[in-house]
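Working notes, structure below.
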Amino acid sequence: MHAEADAKKGSIMGLLSLDFLNDVRRMNKRQLYYQVLNFGMIVSSALMIWKGLMVVTGSESPIVVVLSGSMEPAFFRGDLLFLTNYQEEPVRVGEIVVFKIEGREIPIVHRVIKLHQKETGEIKFLTKGDNNSVDDRGLYAPGQLWLQRKDVVGRARGFVPYVGMVTILMNDYPKFKYLILACLGLFVLIHRE
Amino acid sequence: MYVYFRYKMSANKKNGVLSKWSLDGKPVKIDKWDGSAVKNALDDAAKKVLVDGYGYKENHVLMDIRLIICTVSCMFAITALIYDYLHPFPESRPILIVCVVSYFIMMAILTVYTTFKEKNIFLVAHKKDATGVDPDDVYTLASSLKRFDHMYSLTLTFTDGISNEMRHTTMKKSVATWVDENGSILFDLYEPDIRNLHDSITSEKKEK
């Protein structure tokens, strides 16, 4: 009964002439499982490198892409920034920080222009984009006048120009991104090394 | 898909080994310019000759250990992902450190395992002792096909169960010997070569 059903399925596959799947279809269950694992390992490696960077830099997002021109001429659209977020290093005026605002998904990269520090070490600060004519109070959450230490995602430590353009393109055309990801994933799954 | 294939394979078993190794009645056809596809097809065919043709029992331990190593590594990655999702970053740091370090250690273990233990072995097969008293004779098959090269080398190692004595024999031929212009594997040419390889090592045993 089962065999019959499977045989039927097999002939349907044959009709569709999915010849490129033959390599996969000849696999036994160990090889199939390894194929899936292999795909899992590629994803895992990327994930673990990212998590490893998070641990080393202390920032929840150690690499970000500049999405706007608000920091020109320091950073341009498409620059890739490396961030660190060591809690023991104080934030100072003039530094470029990446911070999150409640209610906004994408973090912002701007320069610190004013900073107040209490004797306890607690700080509050104001930021502004180099290329903007006003400070960031308009960008903050309604009623928020200052940023605090907990809002900081990281501080820019280095950058690579243009590399982030790929990310910007992918963000602008999400379908393109999913298409590429699907193709790569399928290739890894059906291709036996 | 694979269940169907297994069903088909078992149906074919009685009528010969490689002569009917096919999907939907079509001969095994591969992309002949894809070195790894060629190697995999030849490896699988050689495996079938020993396992189905000679009736040796395949020992999966070598492959299973690799599967376990990979599975454990993936588990570490999944743990890190889920834990970091449930307890966002600064809080999840200790667990992340454990997972990341373990993952890279597992990767190192995997590399060492595939280079030094597994080498290129793709089959370990046991020949059961007829009386069931003495330890099994063990056959292993290892192959290599360098990138952009057409010379396929297949090494058969025989380990005598009683004396623990090891013998190797290697066959090195161009893949063009067994793959035709269309990329079909010519099993009627390949199977005798494997059988020769096997018989040469076995007759050596008899001479002694």
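These values consider heavy atoms only, across backbone and side chains, with no hydrogens, waters or symmetry-generated copies. Proteins get letters first, then strands, A, B, ... in listed order; numbering begins at 1 in each. Predicted model, so just to flag it, every value in this text is computed and none were measured.
The contact between B:Thr71 and chain A is made by backbone and side chain atoms together, counting heavy-atom distances below 4.5 Å. Contact of B:Ile78 with chain A is not made at all, since no heavy-atom distance falls under 4.5 Å. Both the backbone and the side chain of A:Leu37 come within contact range of chain B, each with at least one heavy atom under 4.5 Å from a heavy atom of that chain. Contacts between A:Ser45 and chain B at a heavy-atom distance below 4.5 Å involve backbone atoms as well as side-chain atoms. Within the 4.5 angstrom heavy-atom criterion, no atom of B:Asp31 approaches chain A.
Counting heavy-atom neighbours within 6.0 Å of B:Tyr113 OH, excluding the residue itself, gives a total above 12. Environment of CE in B:Met75: sparse, with no more than 12 heavy atoms of neighbouring residues, nucleotides or ligands closer than 6.0 Å.
Between B:Tyr56 and B:His198, the ring planes lie tilted relative to each other; the angle falls in the 30° to 60° range.
Using a 4.5 Å heavy-atom threshold, the side chains of B:Ile30 and B:Ile185 count as touching.
A salt bridge links A:Lys100 to A:Glu60: one of the charged nitrogens lies within less than 4.0 Å of a carboxylate oxygen.
When each of A:Gln31, A:His191, A:Lys51 is checked for heavy-atom pairs under 4.5 Å with chain B, A:Lys51 comes out on top.
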